[in-house]
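Positions are given from 1, in the same order as the sequence printed here. The structure presented is a predicted model; accordingly, all values stated were derived computationally and were not measured. Numbering of ligands and ligand atoms starts at 1, following listing order.
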Amino acid sequence: MNFDQLNIIKPIRNALTDAGYESATEIQSKTIPHILNGRDILGCAQTGTGKTAAFAVPILQRLQQGSRHSLIRVLVLTPTRELALQIDENFKAYAKYLQTRSLAVFGGVSQGRQVDGLRKGVEVLIATPGRLLDLMQQGFVNLQAVEVLVLDEADHMLDIGFIHDIKRILQKVPAKRQTLFFSATMPFSIRKFANPILKNPVEVSVTPVSSTAQTVHQSVYFVEKKEKAGLLINLLKEKSIHRSLVFTRTKHGADKLVRQLGRSGIVAAAIHGNKSQNTRQKALQDFKDSRIRVLVATDIASRGIDIDELPYVVNYELPDIPETYVHRIGRTGRAGKEGIAISFCDAEERSELKDIQKLIGFRIPVKGKEINEGQLMNY
Ligand code: AMP
C-alpha cells in the first residue's frame with residue numbers, strides 16, 4: 001500500500017518520499033488507519049519492520065488537527081538512549097515540512113541541554129523512563145496535555161526493570177488519551193502489563209519473533225573459543241567485509257575484541273553500557289560514515305541501532321536468550337536487502353545453538369570445518 005492510499009497528508013508524504021520510502025511496510029499498512037481513527041494499538045513488531053514510522057507518521061498527522069501550542073502532546077517511552085535518538089531523528093525527518101517540534105531526553109548525559117529544549121517547548125517528547133522521571137520531579141516536564149502515549153519496545157523496558165518508573169509516569173498522563181503499545185514479543189506478562197493501560201485496542205502483529213528474514217543468509221562456524229578472534233580477522237580480510245556489526249556477550253569481551261582487531265590493522269570500536277554517551281554516539285557515527293569497519297556491541301547497547309546498508313552481522317558469542325539471536329540478525333537484510341549473519345559456536349555454546357535452531361525452526365548451515373553427521377546430531 002502506498003502512503004497516498006493510507007490518506008497521509010502531502011507534507012508528510014513528501015517527507016517520506018525524501019526519506020526514500022516508496023510504499024508502506026506491513027506494520028504501517030496495518031496500523032496507520034487505526035491510529036488515524038484514534039484507536040489504541042497493541043502491536044507486536046520488531047525493530048526493522050518500520051514500526052517507528054507506523055506510529056510517528058499518523059501521530060504527526062493527528063497533531064496537525066489540534067491547536068498548535070508548545071505543550072507536550074505526545075510522549076514516547078523507549079528503553080535506550082540510542083532508540084530515543086533514533087525515534088527523534090525519525091520524527092524530525094517525517095516532520096520536515098511541518099512545524100511540529102520533537103525532543104529526545106535520556107540519561108547518561110548532563111541534563112542542561114535537554115532542559116533548555118524543554119523550556120523552548122516541544123509537542124513530541126521521546127524519553128527513557130529514568131531521565132523523564134528525574135526531569136518531572138524537578139518540575140521541568142508537565143504531562144497534563146498529553147494526548148498520545150507510545151510505549152516502544154515494552155518487553156525490553158520491562159526486561160531492564162523500568163516497570164515501576166513507567167507506572168509512576170502513567171499516573172501523571174491524562175487517562176483520556178490514545179495509547180500505542182509496541183513490543184517485539186507478546187508473552188502473557190506483557191499482555192498483563194498492557195491490559196490496564198489500553199482501551200479496547202486493535203491488535204496488530206507482523207513477523208513473529210521466531211522468524212528470521214528470508215533475505216538474511218545464516219551460517220554457523222564451529223570454532224574453539226581461543227580461535228574466534230583469528231577466525232573473525234580472517235573472515236573480515238578474506239571476504240573484504242567493509243562493514244559489520246559484531247556481537248559479544250560482555251562489555252569486557254567487546255573491548256578485548258576491539259584491541260585484538262586493532263592489532264591486526266582492522267579499525268573497530270565498541271559500544272556498550274560502560275562507554276559514555278558521547279563515545280557511543282561517536283562510534284555509531286564513525287561506523288555509519290565508514291570511518292570504522294567493525295562495530296562491536298553488546299545486546300543492550302545495540303538493540304534498535306538503525307543502520308542502513310548493514311551487510312554483515314557476526315554473533316561472536318551466541319546469546320543465552322534465543323530471541324536475542326533473531327533481534328541481532330534483524331539488523332541486516334532490512335527492507336528486502338540481502339544480509340549475511342555469521343555465528344561462532346564454541347563447545348560451551350552448543351546448547352544455545354540448539355535453542356536458537358528450535359526457535360527459528362531450522363538448522364543453520366554449517367560453514368568452515370567439515371563435521372560428520374554423528375556430530376551434527378548433537379546440535
Ligand atoms: P524501524 O523498524 O522503525 O526501526 O525501521 C527500520 C528501518 O526501515 C529504518 O531504517 C526506517 O528508516 C526504514 N523504513 C521505515 N519505513 C519504511 C518504508 N515504508 N519504506 C522503506 N524503509 C522504511
| said: Polar contacts were defined as any N/O atom of the residue lying under 3.5 Å from an N/O atom of the ligand; does this apply to Gly20 and ligand 1? | reply: no
| query | Does Lys228 reach the main-chain N or O of Tyr316 with its side chain, forming a donor-acceptor pair under 3.5 Å? | reply | yes
| task | Between Gln28 and ligand 1, find which residue part has any heavy-atom pair under 4.0 Å and reply side chain, backbone, both or neither. | result | side chain
| Using a heavy-atom cut-off of under 4.0 Å, does the side chain or the backbone of Ser23 touch ligand 1, or both, or neither? | backbone
| message | Ser343: which residues meet the side-chain hydrogen bond (donor to acceptor under 3.5 Å, both in side chains) condition with it, sequence neighbours left out? | response | Asn315
| Are the side chain of Asn2 and the backbone of Asp4 linked by a donor-acceptor contact shorter than 3.5 Å? | yes
| message | Strictly below 4.0 Å, N to O, side chains only: are Arg259 and Asp255 in salt-bridge contact? | response | no
| Within the structure, does Lys51 bring an N/O atom to less than 3.5 angstrom of an N/O atom in ligand 1? | yes
| task | Only heavy atoms count here, so choose which of Phe182, Tyr94, Tyr21, Phe55 is nearest to atom 13 (C) of ligand 1. | result | Tyr21
| Any sub-3.5 Å donor-acceptor pair from Arg243's side-chain atoms to Lys288's backbone N or O? | yes
